[in-house]
Amino acid sequence: MDRIIQNFVESFLKSQQIAEKNQSKQFEMFSAYCTVGQHYTE
């Protein structure tokens, strides 16, 4: 994963207080949040 995306993922994890260690799972949660967050604001 490049540095820019990694920084976005780390910021997301910190803001949501997620302590996942697996980098694949981290990215999966981040991408799902980005996709779903556009449609649901709450």
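Residues: numbered from 1 along the sequence shown. Small disclaimer: the values here were computed from a predicted structure and weren't measured.
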Between Met29 and Gln16, does the side chain to side chain contact (heavy atoms under 4.5 Å, CB included) criterion hold? Intermediate values first, please.
CA-CA 10 Å; Met29 286 186 252; Gln16 299 299 315; over 6 Å; no
More than 12 non-hydrogen atoms from neighbouring residues, nucleotides or ligands closer than 6.0 Å to CZ on Phe27, yes or no?
no
Contacts of Glu28 meeting side-chain hydrogen bond (donor to acceptor under 3.5 Å, both in side chains) (sequence neighbours excluded), chain-then-number -> none
Are Ile4 and Tyr33 connected, step by step, through hydrophobic side chains (Ile, Leu, Val, Met, Phe, Trp, Tyr) whose heavy atoms are closer than 4.5 Å?
yes
Do Glu20 side-chain atoms and Asn22 backbone N/O form a donor-acceptor pair below 3.5 Å?
yes
How are the rings of Phe30 and Phe8 set to each other: parallel, tilted or perpendicular (split at 30° and 60°)?
parallel
Side chains of Gln26 and Glu10: any donor to acceptor distance under 3.5 Å?
no
